[in-house]
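To find a chain, count down the sequence lines: A is the first, B the second, and so on, and within it residues start at 1. In this text, all values refer to a predicted model and were calculated from it rather than measured experimentally.
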Amino acid sequence: MFKNIKCNSLSASNVDSSVLLAGWVHRRRDHGQLIFIDLRDDSGLVQIVVDPDKSPESYKLASDIRNEWVIQISGIVKIRPEGTRNTQLQTGDIEIETTELKILNEATTPPFPVNDNSEIDDYLKLRFRPIYLRRQKMASNLKLRHKIVKFIRDFLSAKEFLEIETPLLIKSTPEGARDYLVPSRVYPGSFFALPQSPQQLKQILMVAGIEKYFQIARCFRDEDLRADRQPEFTQLDLEMSFVEQEDILNLTEELITELVNSIDPSKKLITPFPRFTYEDAMEKYGTDKPDLRYGIELINVTEILENVEFDIITKTIKDNGVIKGIVAPKCGTYTRRQLDNLQDIARTQGAVAGVMTIVLGSDECELEKLKPEDIKSPLSKHLSFEIIKKLAKEMNAKGGDLILLIADNNEKTNNALGILRQHIASANNLADGNLLAMAFITDFPLLDWDETNKRWTSSHHPFTAPKYQDLELLDSNPGKVMSEAYDLVCNNYELGSGSIRIHQRKLQEKILSILGYNQDEIVDRFGHLLESLESGAPPHGGIAPGIDRIVMVLAGEDNLREVIAFPKTQNSSDPLFGSPSEIDPVQLEELGLTIKNQK
RNA sequence: GGCCCCGUGGUGUAGUGGCCUAACACAUCGCCCUGUCACGGCGAAGAUCACGGGUUCGAAUCCCGUCGGGGUCGCCA
């Protein structure tokens, strides 16, 4: 071995012992006749002292050393002289007096600083990934990720789950995201697809009698990226037989709670996790993944305003729309510019008429003390002071607050207010950074109507069980059928979703036919699953929390790229490898492929 | 596919029509320095202002296009 101990494990208890260390030069401080080196390894830092009186050869070498060079140090652990201890550093009480220094490898000057946390362009973070990953923040994010995955494996193993790998080369099925495809050499013109998730495979494992399965599974979806979406990502995929929704939610809650408490006790949870139906979440928060770190609920005020003479309001009521609003606490001081900005946000969310604002004075006070002249609103000509007070009271607003109202159809109104709610919260720092506000969303509709393609699509996936009591609606009113699907959400992220699955062939075929497949297509594309279901499939269900997102919220990051070792750019490319790239014509030939429109 | 933002020495930024022969900090290179830890001091080098075109007497700065990066809507069973 090049070393017999880690930098960060050294302390005063090692005094006078000889150690052999190896690592990277984090920083060098040359004082002429004395050189300090901060040596870094995967554990942390320790200060090396190179004194020409103790080792002239080492001193000579140390003069040439630069940041990121790889060196080996033989030395003696010494207590630092009084007054030179560094309380900022875990090993700050001691230092290593060098007896021999070896240069194991030189290094080019890094393209950006490794030894601080300064901002760098995202492209450079990817182009020079190995160097970026040396940074303390990234190293600790990767460690955190490891701890999380290990916790999950231990937790589920203790509950007698079996970790089973499933293939990456599977069959493309319609529905869902665009597949990443892999051409077959043996069957030219035929393709494998990489799994969007191991969904069907884990269901087949349930049929196979594995009653508790999990996998840390890589998933692939060829869709456009977001800050919280990568084309390949990792899920904790899990599935159980003989369970109901309640069993999965309880297991998930226990897992997440113990995970967070064990990995980072400084993070707070709301327990038990609140639960909302999809409809409730939409009505109260305007989104199916609400950020529950702050209040600000959407309040329906249609009734209060129903006799108000104002174009947008009368028109909305005539069209069976709604008027809903939120209270932006202490935002009565908003400037014209800030209010205009809210307009823009509302309009881009499709609330055609924009947002109506009512300023309840600029100073905080009890609602009763509010005077008519405090009110500032484009609506003030149309709303009496009494109506405004009634509105404010209904919405639980105080003096100094800002009321935002939107009038449109229910969907657009909720949507726009949901976005405004987030905006107000982040602009005013209302979210507690240490709170992980987990919640479950349940009772999703089974199907959504796709207006473009004039067909029903699964809102979760085609294998999701409808609510038993809604089965008869499948023919008469498919849009009203609720499903046994649920999401785990946290701080405006969807951390995972799952469902109880259909375990009977007949019902599965029915759903597929509602989705628009004829009998031949059903057999061709889903035959393997249907055959399994009729061979003795137990009732089963599961959930698949996203590992990357869990790490992201626990690391306090707001981008997935900071918790994945080798992520892709927003255009799904990898600047480190330069992939995707063209391939050798011989490879194409073997696969029976020709490229159309080659540049 | 739509919309928005960004691109200035190696890095991060300043400069938003003439003060630019492009400023500052860090990094780099050289010299000095025995107690620093974001060491310090002195000095040096380093930028066709992403690329291409245009407007203008004059463009880092304004306009168009291309490329690259980011955010977002659509999309993500």
Remember a base hit wins even if backbone is also touched, and classify [X] as base, sugar-phosphate or nothing at under 4.0 Å, heavy atoms.
X: D53(A); result: base
X: R178(A); result: nothing
X: P81(A); result: base
X: D122(A); result: sugar-phosphate
X: S458(A); result: sugar-phosphate
X: Q199(A); result: base
X: E95(A); result: base
X: R27(A); result: sugar-phosphate
X: N86(A); result: base
X: D116(A); result: nothing
X: Q47(A); result: base

| field | Side-chain ion pair, E68(A) and R40(A), N-O less than 4.0 Å | value |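 Answer for the salt bridge query: yes.
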| Yes or no on side-chain hydrogen bond (donor to acceptor under 3.5 Å, both in side chains) for T569(A) and R127(A), after CA distance, side-chain angles and deciding distance? | CA-CA 10 Å; T569(A) 66; R127(A) 172 65 184 79; over 6 Å; no
| On a whole-Å scale, what distance lies between the C1' atoms belonging to G54(B) and G15(B)? |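 Per the computed distance, 24 Å lies between those C1' atoms.
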